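In listed order, ligands and their atoms are each counted from 1. All of these numbers come straight from a predicted model, not from anything done at the bench.
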Amino acid sequence: MQQRRPLMAGNWKMYKTADEAAQTAQQLVERVAGVTGVDIMIAPTYTALVPVFEVIQNSPVALGAQNLFWEDDGAYTGEISAPMLKSVGCQYGIIGHSERRQYFGETDETVNKKIQAALQVGLKPVFCVGETEEERASEQTLSVLDKQVKKGLEGLVSDQLDTLIIAYEPVWAIGTGKTATDDQAQEVHQFIRSLVEKNFGTALSNSIRILYGGSVKPDNVAGLMSMPDIDGALVGGASLDAESFSKIIKY
Ligand code: PGA
């Protein structure tokens with residue numbers, strides 16, 4: 001079986017001013033110096049991308065955006081495009097985070113357009129999927145994920161998806177302190193990998209990285225990472241502090 005390189009990604013959400021973000025990034029760079037064998041990404045707010053990039057550019061830490069718009073440019077007040085993000089040093093773009101689906105009207109269709117836009121300019125999409133508490137309670141988890149993956153990747157073919165990363169984030173586990181158990185997460189990751197295999201073939205399903213997200217902390221990361229289909233973590237709260245995020249990175 002193919003070895004997949006783990007990715008530890010920090011989603012800083014709407015936290016930290018530009019100065020605060022640069023400071024945390026600096027602390028992180030110091031703590032992960034010499035770490036090998038794992039990819040590291042942080043996604044600060046848009047206003048902190050440039051100052052954070054200045055701090056991390058010669059380090060193992062890569063830059064990501066929390067969102068993007070699908071057009072390259074135009075009269076879209078308040079939006080930011082994939083080429084713009086690329087131009088300030090972003091390598092990754094988080095797409096379809098549940099908070100964007102929940103509060104900002106993102107749908108599988110807009111997520112699909114954003115994934116295409118990211119791929120077009122060589123930004124690696126971190127495509128987020130996950131079920132709500134009600135969906136899990138009514139045993140719809142797998143059908144919800146099936147639909148999100150299928151629609152999110154509609155019109156794309158496996159050759160285009162080399163850099164795609166999927167993040168499984170059960171909505172009920174985000175920011176709640178409730179983590180899926182290692183086995184619950186593994187079951188879903190395995191299912192998502194099987195969906196990728198069904199739709200895009202074995203080569204992609206073997207190589208694609210599937211991250212777990214939802215209350216990942218220094219004390220639960222090792223268990224999650226011991227699961228065969230979990231290839232990293234998308235971390236919110238615990239990534240805001242350099243010490244705790246570096247512990248996660250060095251699980
Ligand atoms: P959390 O957030 O780690 O604070 O639960 C994860 C995420 O929303 O990506």
Asker: Using a 4.0 Å cutoff against the non-hydrogen atoms of A173, which atoms of ligand 1 qualify?
Answerer: 5 (O)
Asker: Heavy-atom contacts under 4.0 Å between I174 and ligand 1: side chain, backbone, both, or neither?
Answerer: both
Asker: Got K198 and D146 here, is their nearest side-chain heavy-atom distance under 4.5 Å?
Answerer: yes
Asker: For atom 7 (C) of ligand 1, what's the nearest protein heavy-atom neighbour? Residue, atom name and distance, please.
Answerer: E169 OE2, 3.2 Å
Asker: Are side-chain N/O atoms of W172 and E131 paired as donor and acceptor at under 3.5 Å?
Answerer: yes
Asker: To the nearest 0.1 Å, how far is atom 3 (O) of ligand 1 from its closest protein heavy atom, and which atom is that?
Answerer: G236 N, 2.8 Å
Asker: Applying a 4.0 Å heavy-atom criterion (strictly less than), which segment of S98 is in contact with ligand 1: side chain, backbone, both, or neither?
Answerer: neither
Asker: Do the side chains of L164 and L153 get nearer than 4.5 Å, heavy atoms only?
Answerer: yes
Asker: Quick one: which ligand 1 atoms are inside 4.0 Å of a heavy atom on K13?
Answerer: 2 (O), 7 (C), 8 (O)
Asker: So if I count the atoms of ligand 1 from 1 in the order they appear, which ones are less than 4.0 Å from some heavy atom of H97?
Answerer: 7 (C), 8 (O), 9 (O)
Asker: Would you check the N or O atoms of K217, main chain and side chain alike, for any that come under 3.5 Å of an N or O of ligand 1?
Answerer: no
Asker: With a cut-off of 6.0 Å (strictly less than), are more than 12 heavy atoms of other residues, nucleotides or ligands near CD of Q120?
Answerer: no
Asker: Could you check atom 4 (O) of ligand 1 against the protein and tell me its nearest heavy-atom contact, residue, atom and distance included?
Answerer: G237 N, 2.8 Å
Asker: Cut-off 3.5 Å, no hydrogens considered: what does the side-chain donor-acceptor table look like for residues 244-251, sequence neighbours left out?
Answerer:
residue: S244; atom: OG; partner: A238; partner atom: O; Å: 2.5
residue: S246; atom: OG; partner: A242; partner atom: O; Å: 3.0
residue: S246; atom: OG; partner: E243; partner atom: O; Å: 2.9
residue: K250; atom: NZ; partner: R31; partner atom: O; Å: 2.7

Asker: Which of the numbered atoms in ligand 1 are under 4.0 angstrom from any heavy atom belonging to N11?
Answerer: 9 (O)
Asker: Going by the side chain to side chain donor-acceptor pair (under 3.5 Å) test, which pairs reach into residues 66-83, not counting sequence neighbours?
Answerer: N67-K114
Asker: Any atoms of ligand 1 less than 4.0 Å from a non-hydrogen atom of G175? List them with their elements.
Answerer: 1 (P), 4 (O), 5 (O)
Asker: So, S143 versus Q140: side-chain donor-acceptor pair below 3.5 Å or not?
Answerer: no
Asker: Any chance the side chains of D19 and Q23 put a donor and an acceptor closer than 3.5 Å?
Answerer: no
Asker: Would you mind running through ligand 1 and noting each atom that sits below 4.0 Å from a heavy atom of S215?
Answerer: 1 (P), 3 (O), 5 (O)
Asker: For salt bridge (charged side-chain N to carboxylate O under 4.0 Å, His left out), just list the numbers for K178 and E133, CA-CA rounded to whole Å, side-chain angles, deciding distance to a tenth of an Å, and then say yes or no.
Answerer: CA-CA 11 Å; K178 291 190 223 169; E133 191 148 34; 3.0 Å; yes
Asker: Quick one: which ligand 1 atoms are inside 4.0 Å of a heavy atom on G214?
Answerer: 5 (O)
